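Read through the structure below, which is laid out as structure tokens, and then see the notes.
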Amino acid sequence: MESSAVGGFVDIGDLVASSATGARFGMHLAWAIVLGAVGIILFADMTGRVAAESGRPVFDLVRERLGPTAGLLNIAASSFVNLLTLIAEVGGIALALELITSVNYVLWIPVCAVAVWLVIWRVKFESMECTFGVLGLAIIVASVAVWKLHPDWSALWHQSIDPSRPASETPASYFYWAIGLFASAMTPYEVIFFSSGAVEEHWSGSDLNEERANVFVGFHSVPSCHSH
């Protein structure tokens, strides 16, 4: 029995970017979240299908088709973005602990970094996939909190369908935050993980329905942990 490839992700980078942007722009940049979610779903679906049909991770094929130089640049850029994402994730955990304990997040950063390292080093991958995937359901608390605040739903809806720039913001700041929201969804580690998981579990053309279910239901939705 093997755990399935990635079914969903809960990304602190998403939470931090969305919270900061929402506090500044309201729902005027909701379109960037939708665009990013559609982009990562399409990208992951492409890599999953490639891995299922070829039995190889997508970056291996990039190197083969475009040459070693393009392949190296591709994986180097992706690794750099992944490193920045990891730093943001550790910082996000530290910020969450600051809210709980009132201890400055800077003091929590080394503690969080060591804790993440210990988990990666000592915990089995299947346990990590299942445990943290299920714990990701805690994100539901955000929806409950919004409901309890009794916002003006009509105003939120009108802001969501209105991509106009607030008068207090410059075009540069508007697109800076829009790109930040989009980038928080389009993270390379997700598709690398998904593609590698498909290869590890020996997906083939007959598994494409499972691949699509993982992508269209799992990504930025409900984390999954089930057997292949």
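Just the heavy atoms: all of them, side chains too, but no hydrogens, waters or symmetry mates, feed the values below. Position 1 is the first residue of the sequence; numbering continues from there. The structure presented is a predicted model; accordingly, all values stated were derived computationally and were not measured.
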Minimal non-hydrogen separation, Ala32 against Ala178, with atom names: CB-O, 3.7 Å
Distance, nearest 0.5 Å, that separates CG of Leu29 from CD of Gln159: 10.5 Å
Residues forming a salt bridge (Lys or Arg N to Asp or Glu O under 4.0 Å) with Glu64, sequence neighbours excluded: Arg56
With Trp121 via side-chain contact (heavy atoms from CB on, under 4.5 Å) - residues at least two apart: Trp117, Leu118
Test side chain to side chain donor-acceptor pair (under 3.5 Å) applied to Ser154 - qualifying residues, sequence neighbours left out: none
Partner set under side-chain contact (heavy atoms from CB on, under 4.5 Å) for Ser79, not counting sequence neighbours: Ile75
Ser195 side, atom OG; Glu211 side, atom CD - distance, nearest 0.5 Å: 10.0 Å
CH2 (Trp147) with more than 12 external heavy atoms under 6.0 Å: no
Closest contact, heavy atoms only, Ser173 versus Arg24: CB-NH2, 4.1 Å
Linked, directly or transitively: Val62 and Phe43 (ILVMFWY side chains, under 4.5 Å): no
side-chain contact (heavy atoms from CB on, under 4.5 Å) against Phe182, all qualifying residues, sequence neighbours excluded: Leu35, Met186
For Val144, all residues meeting side-chain contact (heavy atoms from CB on, under 4.5 Å), sequence neighbours excluded: Ile140, Lys148
Heavy-atom donor-acceptor pair, Asp45 side chain to Ile41 backbone, under 3.5 Å: no
Over all atoms of both residues, closest heavy-atom pair of Val199 and Gly55: CG1-O, 3.6 Å
Approximate separation, where rounding is to 0.5 Å, of Trp157 CH2 and Asp152 CG: 14.0 Å
Hphob cluster co-occupancy, Phe80 + Ile87, side-chain heavy atoms under 4.5 angstrom: no
Can you give each donor-acceptor pair under 3.5 Å made by side-chain atoms of residues 92-112, sequence neighbours left out, with the distance rounded to 0.1 Å?
from   : atom 1 : to     : atom 2 : distance (Å)
Thr101 : OG1    : Leu97  : O      : 2.7
Thr101 : OG1    : Val103 : N      : 3.2
Thr101 : OG1    : Trp108 : NE1    : 3.1
Asn104 : OD1    : Val106 : N      : 2.8

Within one Ile-Leu-Val-Met-Phe-Trp-Tyr cluster: Phe25 and Phe175, side-chain cutoff 4.5 Å: yes
Cluster link Met27 to Val34, ILVMFWY, side chain under 4.5 Å: no
Contacts of Glu53 that satisfy salt bridge (Lys or Arg N to Asp or Glu O under 4.0 Å) - sequence neighbours left out: none
Backbone of Arg165 reached by a side-chain donor or acceptor of His28 within 3.5 Å: no
Partner set under side chain to side chain donor-acceptor pair (under 3.5 Å) for Trp177, not counting sequence neighbours: none
Partner set under side chain to side chain donor-acceptor pair (under 3.5 Å) for Ser143, not counting sequence neighbours: none
Test ring pair (Phe, Tyr, Trp, His ring centres under 6.0 Å) applied to Trp31 - qualifying residues, sequence neighbours left out: none
Separation of Arg63 CZ from Leu72 CG (nearest 0.5 Å): 10.5 Å
From Ser164 atom OG to Tyr174 atom OH, the distance as rounded to the nearest 0.5 Å: 7.0 Å
Residues which pass side chain to side chain donor-acceptor pair (under 3.5 Å) with Ser168, listed by chain and number, not counting sequence neighbours: none
Ile33 side, atom CD1; Thr21 side, atom OG1 - distance, nearest 0.5 Å: 7.5 Å
